[in-house]
Amino acid sequence: MSNLTLVEAVNQALAWEMAHDDSVVVFGEDVGVNGGVFRATDGLQERFGAARVFDTPLAEAMIAGLAVGMASQGLKPVPEIQFMGFIYPALDQIISHASRLRNRTRGRLTCPMVLRAPFGTGIRAPEHHSESTEALFAHMPGVRVVIPSSPVRAYGLLLSAIRDPDPVVFLEPKRVYRAFRQEVPDNGEGLPLDHAFVTRPGTDLTLISWGASALETWNAAGELAGEGIDCEVIDLATVSPLDKETILESVSRTGRAVIVHEAAVSGGVGAEIAAVLASEGLYSLEAPVMRVGGYDTVPPLARLEYGYIPSVQRIKDAVREVVEA
Amino acid sequence: MSNLTLVEAVNQALAWEMAHDDSVVVFGEDVGVNGGVFRATDGLQERFGAARVFDTPLAEAMIAGLAVGMASQGLKPVPEIQFMGFIYPALDQIISHASRLRNRTRGRLTCPMVLRAPFGTGIRAPEHHSESTEALFAHMPGVRVVIPSSPVRAYGLLLSAIRDPDPVVFLEPKRVYRAFRQEVPDNGEGLPLDHAFVTRPGTDLTLISWGASALETWNAAGELAGEGIDCEVIDLATVSPLDKETILESVSRTGRAVIVHEAAVSGGVGAEIAAVLASEGLYSLEAPVMRVGGYDTVPPLARLEYGYIPSVQRIKDAVREVVEA
Amino acid sequence: MSVVARFEIRYTQFLDPHGKAQKELPEFAANADQMARMYRFMRLTRVFDQRCINLQRTGQVGTIASSRGHEAAQIGVAAVMQPEDVMAPSYREHGAAIWRGVRMSQLLAVWGGDERGHNWDGPRHDFPYCVPIATQCLHAAGAALALKMRGQASCAVAFCGDGATSEGAFYEALNAAGAMQLPVVFLVTNNRYAISMPVEGQTAAGTLAQKAIAAGIPGEQVDGNDVVAVRHRCEQALRKARSGGGPSLLEALSYRLSDHTTADDATRYRPDAEVEAARLREPLRRARRLMEERFGWTEEQEQALTEELEAEVEAEVEAYLSAPKPQIEEIFEHQFGNMPPMLAAQREIARKYPAPGHG
Amino acid sequence: MSVVARFEIRYTQFLDPHGKAQKELPEFAANADQMARMYRFMRLTRVFDQRCINLQRTGQVGTIASSRGHEAAQIGVAAVMQPEDVMAPSYREHGAAIWRGVRMSQLLAVWGGDERGHNWDGPRHDFPYCVPIATQCLHAAGAALALKMRGQASCAVAFCGDGATSEGAFYEALNAAGAMQLPVVFLVTNNRYAISMPVEGQTAAGTLAQKAIAAGIPGEQVDGNDVVAVRHRCEQALRKARSGGGPSLLEALSYRLSDHTTADDATRYRPDAEVEAARLREPLRRARRLMEERFGWTEEQEQALTEELEAEVEAEVEAYLSAPKPQIEEIFEHQFGNMPPMLAAQREIARKYPAPGHG
Ligand SMILES: Cc1ncc(C[n+]2csc(CCOP(=O)(O)OP(=O)(O)O)c2C)c(N)n1
Ligand SMILES: Cc1ncc(C[n+]2csc(CCOP(=O)(O)OP(=O)(O)O)c2C)c(N)n1
Ligand SMILES: [Mg+2]
Ligand SMILES: [Mg+2]
């Protein structure tokens, strides 16, 4: 099978790396027998055994803390947090230890771990199942935050994340989990971290997004092209540390930028991008930088969630406003 | 006594409000008999009794969770987290509950609590005692983040924070705790939240900072005035939600902005300010917006911490660069 | 080595799986009205539950957690709570909420993706459903502290599951309750699974009741499918809490007869035989036998009750389905008591983009 | 009510406060070399500790936590750890670290505000000091899991204090260790205070050892001022862990003879009389009596040892004070294994602004 959904690509990457690196260990809540509530770890326990793929007690701080301990001793733990809304108890271990162990010991101990979590809206689930708080992790020195938005990038970025010698928070947009399929050859080839992908070249304006918002952004760009507005589209992929070069280079050509994400707009990763443009890209800017994001409210429950996240319409309106400015 | 340090002003505000509102309760680690490790709660237990001022077991998630429970039942808890570096176990309760209770119940239950914590560098303490991660809380819808930078503002803002009907994370810059004294009349008068204070008018450039960085920012402005550069200085005070009006109005006059904070620069609150300028203030900008912040590393231990946080020199250099741009 | 402390964990059961009394029943069990009321609400919970699942299957509510099998554990404690007591449920305590006066249409609204449901009837101070596992235990402790500070002779009750006993928040709540002697009762419904994780994988502790020992508070087990046992032991625990006797923990031994939620497929991880065996011990069967034996409850009464409850549920489903649509503006109204200008400005933008889809 | 589980907590002491054996001592206590080595390191820890405080008072290190009173609890366990075992200390285990080969100059560097100290000698896999209370318990569990997965017959040892037993992370670590049967030993040094909070305010549990019951793992108390008791019981626990017997928890009953740290003033919150009484039970006095009685340890030997240790400490202080200054660039070097361009650019800026002050 190589025509895969994003969640299948995640599974394929995990399987590849487990097959090729004995030190990779997968664990979390319901990842073993049940194969993960989204089936991201489906079949891994059967294939690699219950010693390398196991269910843990229900405790996120523990999941992250165990991973830090394991990573420090030479393993490569790839724990799963069931939903990003439940990652917060683990945050202390990430910010206080995972991100610091290398620096604290001046390289004596390191923390090569990948904390995977599905994030974002879109499955009509109860409260706390629609979080997009990647900005919290993006503000942690020593942590990489990586977000795939397609099956191909999920596979390649996850492989690179596991191989990276430092902690990576790997956030999987659950709205994209089964949204479409791509050919994803199982060749073990990673994609570069710290690198933003230009997924569509364009000349009039740079659209920057990541995660599930990449879907609406892509669709908006398509529709706008029909109206004669030629958007360059960037999939940020590694949201921290930021690939400033790609962004600045693009905006130096287009002179305009709109940033799109599901997270609450204030203090989101979009702010950092806009800030970089305001300092290092100011002289390129021909119009205000707009951010289209979730509103600064708690993400609403299912009935209003599609009114909360940026719609194709909102993105298009923002682009038109910036192009006309 | 009314010629007070910042930490004494905090104490005076707590005492005033406890004396005037029976529902205010103070608790945390070592806040009772010991009066707090910085003496912020000194004398309160003696004066108001051990039922209203008490020491808790050592557990930050518990401190925050108790506060949510108490606030929901009509009390006004004002818990202390001993250092901001230990606030992370409490983060789940803040983001998942304190910030959401009102919205989740459509106003049936509310969460009027103030979580106080000293933050920032400057006391030669061990690791984790120098955190400035206000941006994490500033990205949480439903939470106010308030930071005083002088005794007068500490008193007035803390009173308003306690009286506010919603959760406030109140961060006290420990480097300013005893840095200077001000007359702080004990009159129970609050200062407005959601409001930035212009502490020095100026015409050439707007300097925006908060917390301990307000010290260096202020000094830099003074020295720059001697060089003929007339900076307007804004003390942000409420770092979330942002008082955009004050910032935009100032920059509309000065055309230039430099933002200064101790926190790691990437994804800090400075990014949000710069982003607002890049969108709503772009046409006022005559030069790039610069951020002078901590580097994107873990805050170093004591011997290098003054090389990490923005120095007067770095601020002045940034201002000159922007003014000359 | 000298022994410096000794502990015991006790277990209470009155009714065996066939509804046979194993020993003399407590006084309340002789009261036909009280027993009928409890039985009625257990049945109502079951009827409501089944209807919820149907609604989910037909796309009329979102993912929902069933409480099938938990009826005794929920009604047994709800029955001895006073309105002034404070309930801190997990996401599974539909029965207890209904007993306390929450309308089923309000519960449905929440599961249907509409926050307005949580602005519910019943004691207004009760906590809403809580999704992040175990965090509500701390809220209950905090509420108990508020009650204690105000000298109110009430208590708080926290509900959680077996999985919740692995979370730090659970222990912190227990420990705080013990250290401060708070009027709070922790009711742990051990339904043997946390999604796919059997309780044996959750902990090496042989009972969950013994978690209380770590906090220096009393802990005990009760047959959670035996509504008489649950009510009796909870009554003692709540009374003790209200009268300054401190907190306690009860582990109600039960079984999750449903999938974890409608998004789950339990056949992936548990054997049919186990579920079959559990069905024989389930709470309604047992309660009905008791009603028959002690109060001559008949098949006719049972059928009449079923019809009545189904109608009651149907009316609530109607109320739920016919409620006016939520509007996007509403997400701004209750974010703060004092709306900051920034948010008011966003509300204006949102007005231009009404929620598509499920709205 | 039937009893479904029973538990006991036991306590071990060999030496009374006067160094008198209360019962037959374990075999190792007859070994003069081993006992002398343990005594030596306990004394060294005390001498180092005192010197650290002097250095702090004269501004040559930052805030520092004293381990005065904890010497038996630290050396007792360090003595039975193997190099392959993994230590996860709190911020107070100077003695155990020194025993394991960490240089005192390296410990001083850390307290002096220089991360290079943590790149320390001794087993390179040991964890550095851990400041966020109880979090290291999870690291020890994780390390134990790594050992177990690789089939190594070693174990991890987590050190924490009485206050740490209130943190969720502590319980989560215990519970995970039990559920997964990890080769880890939790050594809780109950020095009766967490800064100003007496252990009685921390929990209603009469012993901290009983916290283990919640996790279904063995827990026991030991006289933490009695190095023979600590070593003996730790030896059992570590051996058990290494051989697949699972985790355990030991509560070492001791007393913090110092302020919490040099930034603390313990007279604000604890009575002098209590401290005086504790001095009579302190570990060094007891160990010395034992040395005198069993091995004819003399005043001359004691004085010679003191001089030797003081010289040793002094040499390390010298090494610490004469180390080259850290440079601001260093804060960038170990943030990532692969430095992102963004950070390299910041390093260039930092070079222009060397750290003033303490640098
Ligand atoms: C902190 C947190 N982690 C994970 C989840 C996802 N989750 C929802 S229910 C559940 C299992 C809960 O098991 P248990 O406590 O036994 O309660 P039960 O559902 O059996 O009633 C999990 C893991 C969550 N809601 N919160
Ligand atoms: C998570 C966290 N909260 C608070 C602190 C501040 N603090 C440092 S030591 C301490 C007391 C610890 O007491 P205990 O566990 O008994 O250890 P001891 O210092 O007595 O050895 C506190 C509250 C911290 N370091 N970490
Ligand atoms: Mg369960
Ligand atoms: Mg202690």
Side-chain angles (χ1 to χ4, degrees), chain B residues 22-23 25 27 51-52 54-75 77 89 92-93 95-97 99-113 141-144 164-167 193-195 238 240-245 276 280, chain C residues 86 88 110 114-120 124-132 134-150 152 156 158 167-169 171-173 175-180 182 184 215 326 330-343 345:
Chain B
D22 278 352
S23 61
V25 188
F27 54 98
R52 289 181 66 200
F54 56 91
D55 291 319
T56 64
L58 205 178
E60 290 75 14
M62 183 217 72
I63 289 173
L66 283 186
V68 171
M70 294 163 78
S72 75
Q73 305 299 313
L75 294 180
D92 184 34
Q93 284 288 341
I95 194 169
S96 300
H97 294 299
S99 75
R100 291 167 174 249
L101 201 54
R102 175 189 290 276
N103 182 66
R104 175 183 295 149
T105 63
R106 287 293 189 254
R108 180 167 65 81
L109 296 177
T110 61
C111 196
M113 63 182 267
V143 174
R144 282 190 166 77
D164 190 82
D166 294 301
L193 304 183
D194 304 352
H195 175 78
T238 298
S240 178
L242 208 61
D243 175 5
K244 295 195 214 176
E245 285 65 30
V276 166
E280 300 172 52
Chain C
V86 180
V110 176
D114 182 351
E115 288 83 352
R116 290 175 301 179
H118 265 153
N119 188 2
W120 66 29
R124 298 283 290 172
H125 54 242
D126 275 4
F127 288 93
Y129 285 122
C130 181
V131 173
T135 54
Q136 74 274 18
C137 298
L138 288 166
H139 305 159
L145 184 47
L147 294 170
K148 181 175 176 172
M149 287 185 62
R150 287 198 289 246
Q152 287 171 247
E167 287 279 6
Y171 297 98
E172 292 190 4
N175 191 57
M180 306 190 205
L182 302 177
V184 57
E330 296 175 27
I331 74 172
F332 298 91
E333 306 301 336
H334 300 282
Q335 199 56 54
F336 290 106
N338 303 318
M339 192 184 297
M342 190 257 308
L343 213 55

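Worth saying up front: this structure is predicted, and the values here are computed from it rather than measured. All chains are named by letter (A, B, ...) in the order of the sequence lines, taking the proteins before the strands, and each is independently numbered beginning at 1.
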Exercise. Which distance, rounded to the nearest 0.5 Å, do you find between the CZ of B:Arg102 and the CD of C:Glu115?
Worked result: 14.5 Å
For this session: Apply side chain to side chain contact (heavy atoms under 4.5 Å, CB included) to B:Arg144 and C:Asn338, showing your working.
Result: CA-CA 11 Å; B:Arg144 282 190 166 77; C:Asn338 303 318; 4.3 Å; yes
Problem set entry | Approximate separation, where rounding is to 0.5 Å, of B:Glu245 CD and C:Met342 CE | 10.0 Å
Exercise. So, do B:Phe27 and C:Leu145 sit near enough that their side-chain heavy atoms are less than 4.5 Å apart?
Worked result: no
Exercise. Most heavy-atom pairs under 4.5 angstrom with chain B, which of C:Pro341, C:Pro132, C:Ala169?
Worked result: C:Pro132
Problem set entry | Side-chain heavy-atom pair C:His125, B:Gln73 within 4.5 angstrom cut-off | yes
For this session: Measure across B:Met70 and C:Gly142 and return the closest heavy-atom pair with its distance rounded to 0.1 Å.
Result: CG-O, 3.2 Å
Problem set entry | Which portion of C:Ala141 sits near chain B, non-hydrogen atoms under 4.5 angstrom | both
Problem set entry | Separation between CZ of B:Arg108 and CZ of C:Phe127, rounded to the nearest 0.5 Å | 9.5 Å
Seminar exercise, completed: Taking every heavy atom of B:Ala61 against every heavy atom of C:Glu172, the minimum-distance pair comes out as CB-OE1, 3.3 Å
Problem set entry | B:Thr105 OG1 to C:Asp126 CG distance, which is reported to the nearest 0.5 Å | 12.0 Å
Exercise. What option among B:Leu242, B:Asn103, B:Thr56, B:Asp243 has the most heavy-atom pairs under 4.5 Å with chain C?
Worked result: B:Asn103
Seminar exercise, completed: In this structure, CG of B:Asp194 is separated from CE of C:Met339 (nearest 0.5 Å) by 12.0 Å
Exercise. What part of C:Glu333 is in contact with chain B, defined as an atom under 4.5 angstrom from a non-hydrogen atom: side chain, backbone, both or neither?
Worked result: neither
Seminar exercise, completed: When the 4.5 angstrom heavy-atom criterion is applied to B:Ser99 and chain C, the contacting part is backbone
For this session: For residues B:Asp166 and C:Gln335, determine if any side-chain heavy atom of one lies less than 4.5 Å from a side-chain heavy atom of the other.
Result: no
Problem set entry | For chain B, the option from C:Phe332, C:Trp120, C:Tyr129 that forms the most heavy-atom pairs under 4.5 Å | C:Trp120
Exercise. Residues two or more places apart in sequence or in another chain: which of them pass side chain to side chain donor-acceptor pair (under 3.5 Å) with B:His97?
Worked result: B:Arg104, C:Thr135
Exercise. Heavy atoms, side chains only, cut-off 4.5 Å: are B:Pro57 and C:Met180 in contact?
Worked result: yes
Seminar exercise, completed: When every non-hydrogen atom of B:Pro165 is compared with those of C:Gly337, the smallest separation belongs to CG-CA, 4.0 Å
Exercise. Checking C:Val131 against chain B: side chain, backbone, both or neither under 4.5 Å from a heavy atom?
Worked result: neither
Problem set entry | Segment of C:Cys137 engaging chain B (4.5 angstrom heavy-atom cut-off) | neither
Exercise. How long is the gap from CG on B:Asp92 to CG on C:Leu138, to the nearest 0.5 Å?
Worked result: 9.5 Å
Exercise. Among B:Ser96, B:Ser72, B:Pro89, which residue forms the greatest number of heavy-atom pairs with chain C at distances under 4.5 Å?
Worked result: B:Ser72
Problem set entry | Contact leader toward chain B among C:Ala143, C:Ala156, C:Ala88, C:Gly117, where contacts are heavy-atom pairs under 4.5 Å | C:Ala143
For this session: Pick one of side chain, backbone, both or neither for B:Val143, based on which atoms fall under 4.5 Å of a heavy atom in chain C.
Result: backbone
